[in-house]
Structures are given as C-alpha cells and as structure tokens.
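The structure appears right after this line, and notes come after that.
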Number of protein chains: 2
Amino acid sequence: MDGAIIFRQYLKRKNLRETVERRTILAEVRSLHKHFTVDDLQFRFRKRRRTVSRATLYRTLIHLVESGLVRKLDLGQREAIFEYQFNHAHHEHMICLKCGKVIEFTNHEMERLQEAACRARRFRAVRHYLQILGYCRGCR
Amino acid sequence: MDGAIIFRQYLKRKNLRETVERRTILAEVRSLHKHFTVDDLQFRFRKRRRTVSRATLYRTLIHLVESGLVRKLDLGQREAIFEYQFNHAHHEHMICLKCGKVIEFTNHEMERLQEAACRARRFRAVRHYLQILGYCRGCR
DNA sequence: GTAACTGCAAAATGTTTGCAACGAT
DNA sequence: ATCGTTGCAAACATTTTGCAGTTAC
C-alpha cells in the first residue's frame with residue numbers, strides 16, 4: 001500500500017483536510033529517502049520556488065509522525081531529525097559527533113530483545129530507538 | 001572511589017577550579033538518586049534558600065557529563081533529563097508517554113550486541129542509549 | 001456556509017553567552 | 001596577581017501559537 005493513501009485515510013479518520021501543502025510535503029518527504037530537518041525541507045521548496053511556511057511544515061510533520069509514516073529522532077543537539085519510514089525495516093542509529101554522519105543498521109536479535117523486555121514489563125511500546133553517539137571510522 | 005574525588009581530579013586535569021557552587025551541585029545530584037531536570041535542581045536549591053544561577057547549573061552540568069559522572073538523556077520533548085550514573089550499571093530506558101514514569105532495565109546481551117555493532121563498523125561510541133517510548137502497565 | 005488550514009509575526013521554550021564583579025589558586 | 005567563575009540579562013535557536021484571511025468539503 002502507498003504512503004499517500006495511508007495519509008489520506010489518516011486525515012479522513014481525524015476529520016482533517018487534504019490540502020495542497022500537505023500533499024506537497026508528503027511527496028517531498030518521500031522523495032528524500034534519507035534523514036532531513038525542517039530546514040532541509042524549507043530549503044528544497046524554496047529552490048523550486050514553491051514556498052510552504054515554517055508553521056505549516058511543523059504542523060504537518062506532527063501529523064505525519066502521528067500517522068506512522070515519519071519517524072522523529074531526538075538527537076539532543078540542535079533541531080529534530082525526521083525520516084520517512086513507511087515500508088522501511090526498523091533500524092538503529094549511530095551518529096558521528098564530528099561529521100554528523102548517520103549510520104543505520106539492523107539487528108534482529110536486538111529487536112527481539114527489545115520486544116521481550118517490553119513484554120516482561122507489560123509495556124506497550126509505540127516508538128523505540130537505539131542511539132549510539134560517538135566517532136565514525138574517519139573521525140576517530 | 002568516590003564521585004567527589006573523580007570530579008576533583010577531572011577539574012584539576014582540565015585546569016578548572018573547585019568552587020562552592022560546583023561542590024554543591026554535585027552533592028545535590030548525588031543525593032537525588034533519580035532522573036532530574038535543570039528546573040528540578042533549581043527548585044530544590046531555592047527551597048533550601050541556597051541559590052545557584054541557571055547559567056551555572058547549565059555550565060556545571062556540561063562538566064559533570066564530560067567527567068562521566070552524569071548522563072544526559074534527550075527524550076525530545078521539553079527539557080533535557082539528567083541522571084547521576086557513577087557506579088551504576090549502564091541501563092536502558094522505557095518512558096511512559098502518559099504518566100512520564102521512567103523504567104530502567106539492564107540487559108547484558110543487548111550491551112554485547114551494541115558493542116559488537118560498533119566494533120564491526122569501527123565506530124568509537126561515547127554515549128549510547130536505547131529509549132523505548134510507550135505506555136506502562138497502569139496507563140496502557 | 002462552515003470549520004479547518006495557511007502564512008505571518010509574535011510568543012514561548014530551553015539553552016548559551018557577553019560582561020563586570022568576584023574568588024580560587 | 002592572575003585567570004577562571006559567577007550571576008545577571010540579553011541573545012539565541014527552535015518550535016508553538018493567535019489571528020485574519022483563505023480553502024476544502
């Protein structure tokens with residue numbers, strides 16, 4: 001199933017409207033295929049002489065996160081980082097403190113342990129991430 | 001070995017001075033035995049008619065984190081959360097989105113997997129945390 | 001036609017910084 | 001005496017919000 005349809009259904013369910021801005025933002029996010037910030041989005045729109053206000057970007061991202069199409073990472077420094085995640089496998093992150101590079105990796109055993117830990121504590125997880133901050137091969 | 005001594009050594013090594021404020025903040029942090037925010041600290045000092053400025057709290061926390069005595073968690077919402085971690089085993093966090101409760105747990109196998117992942121990618125980790133956001137037993 | 005949405009600018013939030021007075025060494 | 005430290009207030013960076021005009025339904 002397509003991300004655009006998921007979003008349409010989400011909007012309908014919440015009695016929200018499908019506007020040009022919301023469609024444009026989702027399309028941009030899907031075309032990015034990597035991590036992005038609110039600034040990144042705004043810059044890309046401006047380059048194409050298509051402006052969407054900062055407020056609308058923030059407001060729409062809240063909905064995209066809520067609909068499950070986008071994941072928000074809080075790395076603590078500077079702005080929040082987002083990524084389109086529909087149909088992508090859940091993955092973990094290593095972030096280089098020097099060059100900012102983000103290394104993604106998947107580990108099924110780690111996934112399994114996380115699920116087991118939640119089950120043992122009757123915790124219903126809605127979002128989880130492992131973040132490893134440090135220095136990558138080139139920067140160490 | 002004692003946290004106060006570790007901090008003293010750290011300060012000396014960095015050519016920083018051991019002031020009343022720094023000693024007071026570390027003592028408070030150690031006596032807390034749980035997660036805290038900058039606001040929490042300021043409030044506790046004010047209650048005891050002992051004021052330490054916000055700027056000094058922020059500046060001292062940077063040193064405490066750097067010295068390894070305190071860990072900073074970026075949960076993305078609102079302010080940063082800190083915890084005294086000297087002599088505590090590294091642990092993971094589950095955070096309840098409704099009641100704010102923080103459940104800590106340790107899993108050696110998970111630790112091992114994290115270390116292996118870093119080794120495989122020649123990544124030197126300085127800080128890593130697994131954060132699971134969701135709903136705890138009482139709030140689900 | 002109604003209620004939601006947008007852009008703007010202002011406000012709010014959390015953190016950092018410049019500076020003059022102060023204090024540890 | 002020197003140079004790091006403090007508190008204050010101002011600056012900063014990011015995100016949120018109030019409002020008046022606009023648009024989807």
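The basis for the numbers below is simple: all heavy atoms, side chains too, and nothing from hydrogens, waters or symmetry mates.
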Checklist entry - Can you list the steps and then say if A/Arg71 with A/Leu73 is a side chain to side chain contact (heavy atoms under 4.5 Å, CB included)? => result CA-CA 7 Å; A/Arg71 188 174 171 200; A/Leu73 305 173; 4.0 Å; yes
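A donor-acceptor pair shorter than 3.5 Å can be found between the side chains of B/Gln131 and A/Tyr129. Of the N and O atoms on the side chains of B/His128 and B/Glu111, not one donor lies less than 3.5 Å from an acceptor on the other residue.
An end-to-end axis angle of 40° holds for the helix from C/dG1-D/dC25 to C/dT25-D/dA1, taken from five base pairs per end and rounded to 10°.
The shortest distance between side-chain heavy atoms of A/Phe105 and A/Met94 falls below 4.5 Å. A/Arg54 places none of its side-chain heavy atoms less than 4.5 Å from the side chain of A/Leu41. Side-chain contact check for B/Arg124 versus B/Cys118: every heavy-atom pair is 4.5 Å or farther apart. Counting heavy atoms from C-beta on, the side chains of A/Ile5 and A/Asp2 come closer than 4.5 Å. For the pair B/Phe123/A/Arg137, no side-chain contact is recorded, criterion being any heavy-atom separation below 4.5 Å from C-beta on.
The interatomic distance linking A/Asp39 (CG) with D/dA13 (P) rounds to 11 Å, in whole Å. Atom CD1 of B/Ile81 and atom C1' of C/dT15 are 16 Å apart (whole Å). Nucleotide C/dG7 holds its P atom 12 Å from the CZ atom of A/Arg46, rounded to whole Å. Here the P atom of nucleotide D/dT14 and the CG atom of A/Leu41 are 15 Å apart, to the nearest Å. For the pair B/Arg54 CZ and D/dA11 C1', the interatomic distance rounds to 16 Å; values are reported in whole Å. Atom CG of A/Leu61 and atom P of D/dT14 are 15 Å apart (whole Å). In this structure, the CD atom of A/Glu79 is 6 Å from the P atom of D/dT15, given to the nearest Å. Between A/Ile62 atom CD1 and C/dC5 atom P there is a gap of 12 Å when expressed in whole angstrom units.
Nucleic acid contact for B/Val38: none, since no nucleic acid atom lies under 4.0 Å from a heavy atom of the residue.
Interface remark: the A/Arg59 side chain does form a donor-acceptor pair with the C/dG7 base, using a distance-only criterion of under 3.5 Å.
Close to C/dT15, at under 4.0 Å from its OP1 or OP2, lies a side-chain N or O of B/Tyr58. For C/dC8, neither phosphate oxygen OP1 nor OP2 lies less than 4.0 angstrom from any side-chain nitrogen or oxygen of A/Ser53.
The stretch residues 11-26 of chain B comes close to DNA chain D through B/Asn15, B/Leu16, B/Arg17, B/Thr19, B/Glu21, B/Arg22, each having a heavy atom under 4.0 Å from the strand.
Between B/His91 and B/His35, the two ring planes are perpendicular [angle over 60°; tilted spans 30° to 60°].
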